[in-house]
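Worksheet for the structure shown next.
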Amino acid sequence: MATAIVLFNRDLRVHDHPALAAACERAERVVPLFVLDPAVPEGNRRGFLLECLAELRAALRARDGDLVVRQGDVVRETMKLAAEVGVTTICASADVSSLARRREERFAGERIEYLLFPGVTVVPPDALRPSGGGDHYRVFTPYWRAWTRHPRRPVLPPPRAVRTPSGLAAGRLPRPQPPGPAPGGEPAARERADRWLRHGLDGYADGHDDLAGDRTSRLSPYLRFGCLSPLELACRAERSESFVRQLCWRDFHHQVTYAFPRIGRENYRHPERRWRQDPDALQAWQAGMTGLPIVDAGMRQLLAEGWMHNRARLITAAYLVRHLGLDWRDGVRHFFQHLLDGDVADNSGNWQWVAGTGNDTRPNRTFNPLRQAKRYDPDGHYVRRYVPELAGVPAPYVHEPWRLPSPPAGYPARLDSAADQG
DNA sequence: TCTAGCTTCGA
DNA sequence: CGAAGCTAG
């Protein structure tokens, strides 16, 4: 390859980037490119993305290269640039969502060499298949066993030099403002990962389900945008099986999505299942005003931080589909709109798992939010942090304020009167 | 090498 | 309930 475009998408890093590494090794000239979709709405994720792009550009410039930024349709803009610069090859990271797959198909139909590389997951989504037949795993535990045994590709260093041809218009990058809930970009990601591996990882197994303590890594937004290589993280975090397991869940959902790209729209199982419509209940859930403290705390954390503790995601999601009986797609949409780490495979996969339409073959799993609250937020610190109306309520009542002789002012009554006592 | 049927187990 | 893995044939 004489001149190659490296088309970035959700792999916004220079460390362990197989497509970038291959282009820098094999091509004489390398044009790193990102095409901004003007349809990406304003909000947390867009600001975070712009910060990631600014940092990626800085990292490439430090290596004598640059990041070319264009706006519009990714295939059209890429092919236009390819024609301008005389590009012979496009290198990109393979991805799993239906949007990504359609993009890959469109590129494959263009008259240019188009090469896909790994890097979005630890293990490529088509690498493992169950021994009894079938194109993907439907149950986590057997996938985990196969995943841990699977040989891994080596972690790649960042390229030493990126030979971007001079005279290219790099393109303006809009300034993200105001600053979002977490700093975007690879340097912030690596710093956070280093700190986490040194100080957080060993407490993860015991602490990750404690809502108030919040001893989770908070690395999910960086994995979402590829500021961190999941493979590098999995290798460096090897000593904590429970944390590596979470990375495996991410891979698991990606391999399901690869095999079933409609995961964000259609039931994976039980296509006939129907849900209730209730706009008022949905709105109360979205606003964190259901009257069930543990649910409201999670929903308000989401609005305030663009992030929610994983345990709270399970509790709030189960409440929407199991207690309110509403459609998991309503939940997916709301989460996707607000989560900094919102990603099709993980978000939809987890929602379908909770809704019972996904990859869990246990028929009658019940999720009692009150029992969950008492178990994972025993002192009520999590609830008090995010629900100020309950800030003065003592521990025995903070999860069940309806048992107080006089309910706290401003906090709504319970939306679901049917929730059982835990 | 393949398959039927049995066992195990599930964020 | 039903997926996956194992074992016997």
Side-chain angles (χ1 to χ4, degrees), chain A residues 121-123 125-150 203-211 213-217 219-220 223 230 234 237 240-260 263 267-273 294-295 298 307-323 328 331-332 335 339 341 343 345-377 382 422:
Chain A
T121 50
V122 179
V123 171
D126 56 352
L128 304 174
R129 27 195 60 199
S131 48
D135 61 347
H136 68 291
Y137 279 86
R138 297 157 182 276
V139 174
F140 176 75
T141 309
Y143 180 74
W144 163 253
R145 281 197 287 268
W147 187 87
T148 47
R149 283 197 302 259
H150 188 71
Y204 183 77
D206 294 330
H208 75 283
D209 259 337
D210 170 17
L211 282 162
D214 197 354
R215 276 169 285 177
T216 62
S217 73
L219 290 172
S220 54
L223 289 166
S240 170
E241 188 185 286
S242 51
F243 182 71
V244 173
R245 238 180 127 85
Q246 299 304 311
L247 294 173
C248 182
W249 266 105
R250 182 175 176 276
D251 274 23
F252 176 78
H253 290 311
H254 278 75
Q255 59 100 40
V256 172
T257 303
Y258 183 76
F260 184 70
I263 184 130
N267 292 355
Y268 176 85
R269 291 189 303 134
H270 310 300
E272 74 293 344
R273 193 159 298 178
I294 195 69
V295 171
W307 191 85
M308 200 197 295
H309 193 289
N310 185 56
R311 177 55 48 181
R313 296 187 196 198
L314 296 180
I315 296 169
T316 55
Y319 181 80
L320 185 81
V321 295
R322 304 261 177 205
H323 287 254
W328 60 268
V332 163
F335 271 31
L339 282 172
D341 59 36
D343 141 87
D346 265 320
N347 197 24
S348 315
N350 281 320
W351 267 97
Q352 293 224 36
W353 180 84
V354 171
T357 59
N359 297 83
D360 190 27
T361 52
R362 272 174 143 168
N364 296 319
R365 184 195 314 96
T366 52
F367 224 85
N368 184 328
L370 216 46
R371 197 145 55 212
Q372 294 275 317
K374 289 173 181 174
R375 185 153 163 208
Y376 298 113
D377 186 30
Y382 180 74

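Proteins get letters first, then strands, A, B, ... in listed order; numbering begins at 1 in each.
Residues passing the side-chain contact (heavy atoms from CB on, under 4.5 Å) test with A:Asp346 are A:Arg250, A:His253, A:His254, A:Asp343, A:Asn350, sequence neighbours excluded. Taking A:Trp351 as the reference, nothing meets the side chain to side chain donor-acceptor pair (under 3.5 Å) condition, with sequence neighbours excluded. Not counting sequence neighbours, the partners of A:Ala205 by the side-chain contact (heavy atoms from CB on, under 4.5 Å) test are A:Ser242. Remark: A:Thr316 engages A:Trp285, A:Val295, A:Met299, A:Met308, A:Phe335 in a side-chain contact (heavy atoms from CB on, under 4.5 Å) (not counting sequence neighbours). Annotation: side-chain contact (heavy atoms from CB on, under 4.5 Å) contacts of A:Ser217 (sequence neighbours excluded): A:Trp196, A:Leu219, A:Phe243. Listed by chain and residue number, A:Arg215 satisfy the salt bridge (Lys or Arg N to Asp or Glu O under 4.0 Å) test with A:Asp210 (two or more places apart in sequence, or in another chain). Under the ring pair (Phe, Tyr, Trp, His ring centres under 6.0 Å) criterion, A:His309 pairs with no residue at all, not counting sequence neighbours.
One side chain, A:Asp251 or A:Trp147, offers a donor N or O that lies under 3.5 Å from an acceptor on the other.
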*asked:* How would you summarise protein contacts on nucleotides 2-9 of chain C per nucleotide, using B for base, S for sugar-phosphate only and - for none, with heavy-atom distances below 4.0 Å?
replied: SSSS----
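No engagement by A:Asn359 is indicated, since no non-hydrogen atom pair under 4.0 Å with the nucleic acid exists.
Sorted by residue number, the list of members of residues 247-256 of chain A with any non-hydrogen atom under 4.0 Å from DNA chain C is empty.
Here B:dA11 presents its C1' atom at 16 Å from CH2 of A:Trp351, a figure rounded to the nearest Å. Between the CD atom of A:Gln352 and the C1' atom of B:dA11 there is a distance of 16 Å, given to the nearest Å. Whole-Å rounding puts the A:Phe140 CZ to B:dA11 P distance at 8 Å.
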Give each protein N/O atom lying under 3.5 Å from an N/O atom of nucleotides 3-8 of chain B, with the pair distance.
none

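Evaluation of the salt bridge (Lys or Arg N to Asp or Glu O under 4.0 Å) test over residues 307-318 of chain A, restricted to residues two or more places apart or in two chains, returns A:Asp209-A:Arg311, A:Arg313-A:Asp341.
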Under 3.5 Å, sequence neighbours excluded: what are the donor-acceptor pairs made by side chains of residues 126-144 of chain A?
unit_1   : atom_1 : unit_2   : atom_2 : d
A:His136 : NE2    : A:Tyr268 : OH     : 2.6
A:Arg138 : NH1    : A:Tyr268 : OH     : 3.2

